[in-house]
Structures are given as C-alpha cells and as structure tokens.
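Every value quoted in this text rests on a predicted model; they were computed, and no experiment measured them.
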Amino acid sequence: MTRRVGIYPGTFDPITLGHADIIRRGAKLVDDLIIGVTTNPSKNPMFSTEERFSMVEREVKDMGLDNVRVVGFNALLVKFAQKQGASVIIRGLRAVADFEYEYQMAGMNQQLDDNIETVFLMADVSLQPIASKLVKEIAIYGGDITPFVSAPVREEVVARVDQIGRKGDY
C-alpha cells in the first residue's frame with residue numbers, strides 16, 4: 001500500500017503557534033508530512049534559510065510527531081512535491097484574504113500536476129490573527145510576542161531584533 005505524503009510549505013519567518021497548529025492537524029491527515037522550508041523572493045526574511053530550517057526542526061521535534069520531517073527547498077512547489085512523492089499540499093487559511101491567494105495558487109498547481117491535491121485547513125479560531133509578518137512587526141516595535149510564538153522562537157526573535165535595532169518610541 002502506498003503511503004500518503006503531504007507537504008506543508010512556507011517561509012516560517014518565524015514559525016508561529018498558528019503554523020504549529022496546522023502542522024499538528026496536517027500530520028493526522030497523511031502518513032508522512034514534510035514541512036518544506038523555502039525562500040520567497042517577495043519577502044524580506046528576518047532569518048536566513050538555515051536559521052528558519054533549524055527553528056522549524058526544533059519546533060517539530062518538540063511536538064513529538066513521528067511522521068513529520070523538515071526539508072529545505074528552493075524550487076517550484078509542484079516540482080518539490082513531485083520529488084518528495086507527495087500527493088497532497090496542505091495550506092493554512094486565516095481569513096478571506098488568504099483564501100483568494102491560496103485559491104489562485106491551488107489552481108495553478110493543479111494545472112501543473114492534477115495528481116497533487118491542495119487541502120486547506122482553517123487555523124484554530126484563537127490563532128487566526130497570527131501572521132509571521134505581524135509577529136516581526138510587533139517585535140521590532142518593542143511589543144510582546146509571547147502569545148504568538150513558542151518561548152524558544154520568542155527568544156530568537158527578540159535576539160534578532162536586538163541585533164538589528166528596535167524602531168519607534170517604546
């Protein structure tokens with residue numbers, strides 16, 4: 001019997017509690033879940049690809065999920081999924097704005113390979129407002145990001161903000 005492999009791709013800059021929620025839930029839907037840590041040319045990451053990979057790997061290890069592994073990639077998502085033998089792409093949704101973008105991406109991916117299905121998971125209601133971009137912005141302006149990320153991720157973000165400098169009046 002063929003194992004069902006799923007991909008949950010993202011930049012994870014940084015990984016949030018919302019991402020962790022999707023990972024836990026996505027791991028229940030497939031035999032093997034691959035967290036694909038990627039670059040995104042349209043984003044200006046706070047952390048390098050290697051730092052994000054290590055951060056995600058540590059968070060996944062802390063979740064204790066035996067069927068999840070972390071893989072870095074810098075390729076077209078469909079090509080990465082094919083290389084990993086995946087038949088499912090898992091995407092998290094927070095709001096209608098996410099849906100519009102994700103719907104378009106799912107359609108394009110289907111055109112590239114109609115054997116790979118995209119599955120959308122709604123973030124837990126308590127986690128829906130969390131976005132990596134907002135976590136970074138809150139941290140840069142001296143706000144508390146404790147409700148949005150794990151303690152180790154919070155420490156890494158705060159340390160990076162200390163390196164690059166805070167903004168605003170705090």
Side-chain angles (χ1 to χ4, degrees), residues 5-40 42-74 77 80-81 84 86 88-95 97-99 101-102 105 118-168 170:
V5 177
I7 302 281
Y8 177 40
T11 52
F12 305 104
D13 185 49
I15 184 170
T16 68
L17 297 179
H19 292 128
D21 176 56
I22 299 297
I23 291 168
R24 276 189 207 92
R25 292 170 49 221
K28 295 176 187 176
L29 301 177
V30 294
D31 298 309
D32 299 300
L33 180 61
I34 298 167
I35 311 305
V37 179
T38 187
T39 58
N40 185 332
S42 67
K43 295 183 179 180
N44 185 19
M46 178 178 273
F47 296 97
S48 71
T49 304
E50 295 77 19
E51 290 169 324
R52 290 182 285 113
F53 181 90
S54 295
M55 195 182 296
V56 172
E57 204 167 45
R58 181 196 61 237
E59 294 293 303
V60 166
K61 182 180 178 192
D62 289 349
M63 288 181 221
L65 301 171
D66 295 333
N67 67 327
V68 179
R69 64 187 168 97
V70 182
V71 176
F73 78 102
N74 184 19
L77 176 56
F80 175 68
Q84 299 299 318
V88 177
I89 296 171
I90 295 174
R91 300 297 295 164
L93 295 176
R94 294 179 306 243
D98 284 348
F99 179 77
Y101 172 77
E102 295 295 343
M105 290 300 298
T118 300
V119 174
F120 297 111
L121 294 178
M122 296 297 295
D124 182 272
V125 173
S126 66
L127 304 172
Q128 283 181 2
I130 301 174
S132 294
K133 179 180 176 182
L134 297 176
V135 168
K136 290 184 289 191
E137 189 172 316
I138 290 166
I140 287 170
Y141 282 94
D144 181 16
I145 60 170
T146 302
F148 314 120
V149 296
S150 70
V153 170
R154 182 194 159 286
E155 290 174 19
E156 288 180 78
V157 172
V158 168
R160 182 56 46 91
V161 168
D162 286 345
Q163 285 178 348
I164 62 177
R166 285 194 172 84
K167 295 181 181 181
Y170 51 92

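Aromatic ring orientation, F80 versus F73: parallel (interplanar angle below 30°, classes split at 30° and 60°).
Atom-to-atom distance recorded for I7:CD1 and I89:CD1 is 7.5 Å, nearest 0.5 angstrom. In this structure, NZ in K28 is found 9.5 Å from CG in L65, a value given to the nearest 0.5 Å. The structure places CD1 of I15 at 7.5 Å from OG of S150, a figure rounded to the nearest 0.5 Å. Between the CZ atom of F99 and the CZ atom of F120 there is a distance of 6.0 Å, given to the nearest 0.5 Å. Here the CG atom belonging to L121 is positioned 11.5 Å from the CD1 atom belonging to I23, to the nearest 0.5 angstrom. Rounded to the nearest 0.5 angstrom, I145 CD1 and L134 CG are separated by 12.0 Å.
The backbone N or O of D124 lies less than 3.5 Å from a partner atom in the side chain of D21, making a donor-acceptor pair. Judged by distance alone, the side chain of R25 and the main-chain N or O of M122 form a donor-acceptor pair under 3.5 Å. Here the side chain of N67 pairs a donor or acceptor atom with the backbone of V30 at under 3.5 angstrom. Using a distance-only test at 3.5 Å, with no hydrogens or angles considered, no donor-acceptor pair links the side chain of N74 to the main chain of T38.
Remark: E51 engages R160 in a salt bridge, criterion side-chain N to carboxylate O under 4.0 Å. K167 and E137 are not joined by a salt bridge, as no carboxylate oxygen comes within less than 4.0 angstrom of a charged side-chain nitrogen. The pair K136-D13 counts as a salt bridge, with a side-chain nitrogen and a carboxylate oxygen less than 4.0 angstrom apart.
For the side-chain contact (heavy atoms from CB on, under 4.5 Å) with V37, the qualifying choice from M55, E57, R52 is R52, the only one to do so.
Looking at L127 and R94, their side chains never come closer than 4.5 Å, going by heavy atoms from C-beta outward. I90 is listed as a side-chain neighbour of L33, based on a closest heavy-atom distance under 4.5 Å. D32 is not listed as a side-chain neighbour of Q84, based on a closest heavy-atom distance of 4.5 Å or more. The closest side-chain heavy-atom distance from I140 to M46 is below 4.5 Å. Residues I22 and Y8 meet the side-chain proximity criterion, which asks for heavy atoms closer than 4.5 Å.
Nearest heavy-atom pair, A139 versus V157, reported as atom, atom and distance to 0.1 Å: CB-CG1, 3.6 Å. A pairwise comparison of heavy atoms in H19 and S132 identifies CE1-OG, 3.2 Å as the closest pair. In this structure, L93 and E102 approach most closely via the heavy-atom pair CD2-CG, 3.7 Å.
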### Message
Apply salt bridge (Lys or Arg N to Asp or Glu O under 4.0 Å) to residues R58 and E156 and explain how you reach the verdict.
### Response
CA-CA 12 Å; R58 181 196 61 237; E156 288 180 78; 2.6 Å; yes
### Message
I'd like to know whether F53 forms a side-chain contact (heavy atoms from CB on, under 4.5 Å) with V70, so could you lay out the CA-CA distance, the side-chain angles of the two residues, the decisive distance to 0.1 Å, and finally the verdict.
### Response
CA-CA 7 Å; F53 181 90; V70 182; 3.5 Å; yes
### Message
Checking V68 against I35 for the side-chain contact (heavy atoms from CB on, under 4.5 Å) test, could you report, in this order, the C-alpha distance in whole Å, the side-chain angles of both residues, the deciding distance, and whether it holds?
### Response
CA-CA 7 Å; V68 179; I35 311 305; 3.6 Å; yes
### Task
Start with the C-alpha distance between T11 and T39, add both sets of side-chain angles, then the distance that settles side-chain contact (heavy atoms from CB on, under 4.5 Å), and finish with yes or no.
CA-CA 6 Å; T11 52; T39 58; over 6 Å; no
### CA sep, side-chain torsions, deciding dist, call: V119, R91, side-chain contact (heavy atoms from CB on, under 4.5 Å)
CA-CA 6 Å; V119 174; R91 300 297 295 164; over 6 Å; no
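Around the CG atom of D144, the shell of radius 6.0 Å holds more than 12 heavy atoms that belong to other residues, nucleotides or ligands.
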